[in-house]
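All figures in this text were calculated on a predicted structure; none of them were measured in a lab. In what follows, chains are A, B, ... by sequence order, proteins preceding strands, each numbered from 1.
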Number of protein chains: 2
Amino acid sequence: MAEARDRRELILSTAAEMVARKGLRATTVRAIADAVGVFSGSLYHHFPSKDAIVEEVLARYLDAIRARYAVVLASGKDPAACLHELVVTSLEIAEEQPHATAIYQNESQYLRELPGFRGIQVAAADIQQTWLQVIDTGVADGSFRHDIPSWVFYRLIRDAVWLSIRWHRPDGPYSTQQLADDVTSLFLRGFAMPPATARAAVPTAASKA
Amino acid sequence: MAEARDRRELILSTAAEMVARKGLRATTVRAIADAVGVFSGSLYHHFPSKDAIVEEVLARYLDAIRARYAVVLASGKDPAACLHELVVTSLEIAEEQPHATAIYQNESQYLRELPGFRGIQVAAADIQQTWLQVIDTGVADGSFRHDIPSWVFYRLIRDAVWLSIRWHRPDGPYSTQQLADDVTSLFLRGFAMPPATARAAVPTAASKA
DNA sequence: GTCTATACATCGATAGAC
DNA sequence: GTCTATCGATGTATAGAC
């Protein structure tokens with residue numbers, strides 16, 4: 001029985017790795033089966049379809065994000081500190097689950113046509129709400145700027161953070177910790193409410209309406 | 001003859017639109033031919049393969065970026081102004097060629113296996129160099145921070161700018177001009193060398209080494 | 001330059017022996 | 001729970017008539 005679970009897990013992890021590397025449509029059930037060490041027909045004893053494998057990978061992934069975001073939100077820290085924690089947490093998850101992260105980023109078109117897309121959408125909305133809640137709190141208490149829409153700031157920092165898996169190597173000389181610090185430093189300083197004093201040296205570029 | 005050119009252009013634009021919307025592998029030559037209004041075999045009179053169609057779309061796209069980036073660089077403005085111009089130009093191109101932009105962002109895995117990938121890579125390196133040159137100039141003259149690696153800053157602003165096509169609607173109430181201004185304002189203030197004075201209110205998050 | 005017809009490969013998924 | 005064998009659909013690309 002433990003062996004059966006392991007086989008199932010092996011299929012999930014193998015499929016995740018291959019789909020992340022080659023793309024969803026480019027990864028065939030035969031290739032997954034070969035990599036696992038079984039014949040393609042055997043996969044259908046564990047899963048009803050190829051799509052079901054991917055759905056389970058993503059469902060677990062999004063649930064993991066939700067659970068860890070909830071911990072950050074419950075810490076009760078101020079918005080700036082919370083934002084830093086969200087960045088750190090996100091980069092940690094991206095490092096722990098690089099394949100699921102890549103799939104979620106790359107296959108949004110395919111995912112939309114999946115039968116279980118509803119569930120994915122619900123989890124994604126929950127994750128987005130966590131960011132927006134933190135940002136809006138900061139805007140409301142005056143620590144964040146209000147001249148840039150909070151949802152715009154969210155999308156900019158979200159893409160900058162999550163898409164870093166396309167270029168950042170966690171085991172390289174530029175550590176994940178360093179990346180998290182730099183991202184936070186850059187975005188927080190850029191989004192912080194200026195101390196009402198000088199705003200010199202930087203062109204605000206407030207051109208036409 | 002003009003009709004022949006038009007047919008060719010129609011195939012290119014139709015394919016670009018469909019591939020951007022549904023994905024490269026999900027878009028069949030039959031579907032492209034149907035949308036154009038011919039039979040699938042007829043496409044092969046104009047192009048040797050499906051891949052060749054996509055390659056031509058991307059080659060033109062990258063060349064357009066290179067040409068317009070060169071104009072920005074030749075303006076001789078200071079780094080901050082150049083950076084703003086690069087953001088504006090990029091968002092304009094994304095608005096003018098949304099399909100090619102989406103394809104280039106989404107199908108990097110598939111592109112790597114294309115016979116003409118070498119040419120794509122060369123153009124991409126050239127584009128990256130333009131950004132890095134501007135950023136490094138600003139770091140060298142003291143207007144930009146030097147505690148965040150310039151290549152890290154490049155990747156963060158690049159992803160934030162180009163990936164905006166996934167959520168930004170140019171014909172909506174939040175204009176492209178506004179987005180360009182906000183992106184520039186956020187990133188330039190975050191990356192600007194602080195006036196040596198106060199850096200208060202914002203936690204620098206400089207944790208462990 | 002377009003159409004008809006089809007070759008040839010490969011896909012996801014199934015059925016039944018073991 | 002895995003393997004053997006294969007079905008039916010669908011993919012890219014080609015050949016030759018018009």
Side-chain angles (χ1 to χ4, degrees), chain A residues 1-58 103 106-107 109-117, chain B residues 1-58 103 106-107 109-117:
Chain A
M1 194 164 73
E3 200 174 311
R5 274 203 84 81
D6 289 352
R7 175 57 54 96
R8 223 186 103 92
E9 294 301 315
L10 184 60
I11 294 171
L12 283 169
S13 60
T14 303
E17 190 276 332
M18 297 184 75
V19 170
R21 182 163 42 86
K22 308 250 297 174
L24 220 170
R25 291 190 98 101
T27 304
T28 68
V29 293
R30 271 184 251 263
I32 296 172
D34 282 355
V36 171
V38 297
F39 284 78
S40 65
S42 304
L43 294 185
Y44 290 86
H45 172 75
H46 301 280
F47 299 94
S49 70
K50 173 185 169 181
D51 289 347
I53 301 177
V54 179
E55 274 191 40
E56 183 160 337
V57 168
L58 289 179
I103 294 170
N106 297 333
E107 312 286 350
Q109 294 155 332
Y110 187 103
L111 266 42
R112 237 184 301 277
E113 296 166 353
L114 248 47
F117 177 63
Chain B
M1 196 162 72
E3 202 174 311
R5 272 203 85 81
D6 289 351
R7 178 55 54 95
R8 223 185 103 92
E9 293 301 315
L10 184 60
I11 294 171
L12 283 169
S13 60
T14 303
E17 190 275 331
M18 299 184 73
V19 170
R21 181 163 42 86
K22 307 250 297 173
L24 189 34
R25 290 191 98 101
T27 305
T28 69
V29 293
R30 270 186 254 262
I32 297 171
D34 282 354
V36 171
V38 296
F39 285 78
S40 65
S42 304
L43 294 185
Y44 291 86
H45 171 76
H46 301 279
F47 299 94
S49 71
K50 173 185 168 181
D51 289 348
I53 300 177
V54 178
E55 274 190 40
E56 183 160 335
V57 168
L58 288 179
I103 294 170
N106 297 333
E107 313 284 351
Q109 294 155 333
Y110 188 104
L111 266 43
R112 238 185 300 278
E113 296 165 354
L114 249 45
F117 178 63

Expressed as a whole number of angstroms, how long is the span from [X]:[atom1] to [N]:[atom2]?
| X | N | atom1 | atom2 | value |
| --- | --- | --- | --- | --- |
| L43(A) | dT4(D) | CG | P | 14 Å |
| F39(A) | dC3(D) | CZ | P | 6 Å |
| F47(A) | dT2(D) | CZ | P | 12 Å |
| D34(B) | dT12(D) | CG | C1' | 15 Å |
| I11(A) | dG1(D) | CD1 | P | 11 Å |

In residues 12-22 of chain A, which residues come under 4.0 Å of DNA chain D by heavy atom?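 Per residue number, the list is empty: none.
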
Show me the pairs that pass salt bridge (Lys or Arg N to Asp or Glu O under 4.0 Å) and involve residues 40-58 of chain B, at least two apart or across chains.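 Of all non-adjacent pairs touching residues 40-58 of chain B, those that pass salt bridge (Lys or Arg N to Asp or Glu O under 4.0 Å) are R8(B)-E56(B), E56(B)-R60(B).
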
Would you please name every residue forming a salt bridge (charged side-chain N to carboxylate O under 4.0 Å, His left out) with R30(A), sequence neighbours left out?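 Once residues adjacent in sequence are excluded, R30(A) has no partner under the salt bridge (charged side-chain N to carboxylate O under 4.0 Å, His left out) criterion.
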
Could you tell me which residues satisfy side-chain contact (heavy atoms from CB on, under 4.5 Å) with S13(B), sequence neighbours excluded, listed by chain and number?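 L10(B).
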
According to a strict under-4.0 Å criterion, is R7(B) in side-chain N/O contact with OP1 or OP2 of dT2(C)?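 Result: yes.
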
Short side-chain N/O contact to dT2(C) OP1/OP2 from H45(B), under 4.0 Å: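 Result: no.
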
A correct 5'-to-3' footprint of nucleotides 11-18 of chain C, with B, S and - meaning base, sugar-phosphate only and no protein heavy atom under 4.0 Å, is BBBB----

Counting a pair only when it is Watson-Crick or G-U and both distances are under 3.5 Å, which runs of at least 3 such pairs involve DNA chain C?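 Expected stems, ordered by start: C:1-18 with D:1-18.
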
Tell me, which pairs form a side-chain hydrogen bond (donor to acceptor under 3.5 Å, both in side chains) where one or both residues lie in residues 16-29 of chain B, sequence neighbours left out?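 Checked against side-chain hydrogen bond (donor to acceptor under 3.5 Å, both in side chains) - neighbours excluded - the pairs reaching residues 16-29 of chain B are E17(B)-R21(B).
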
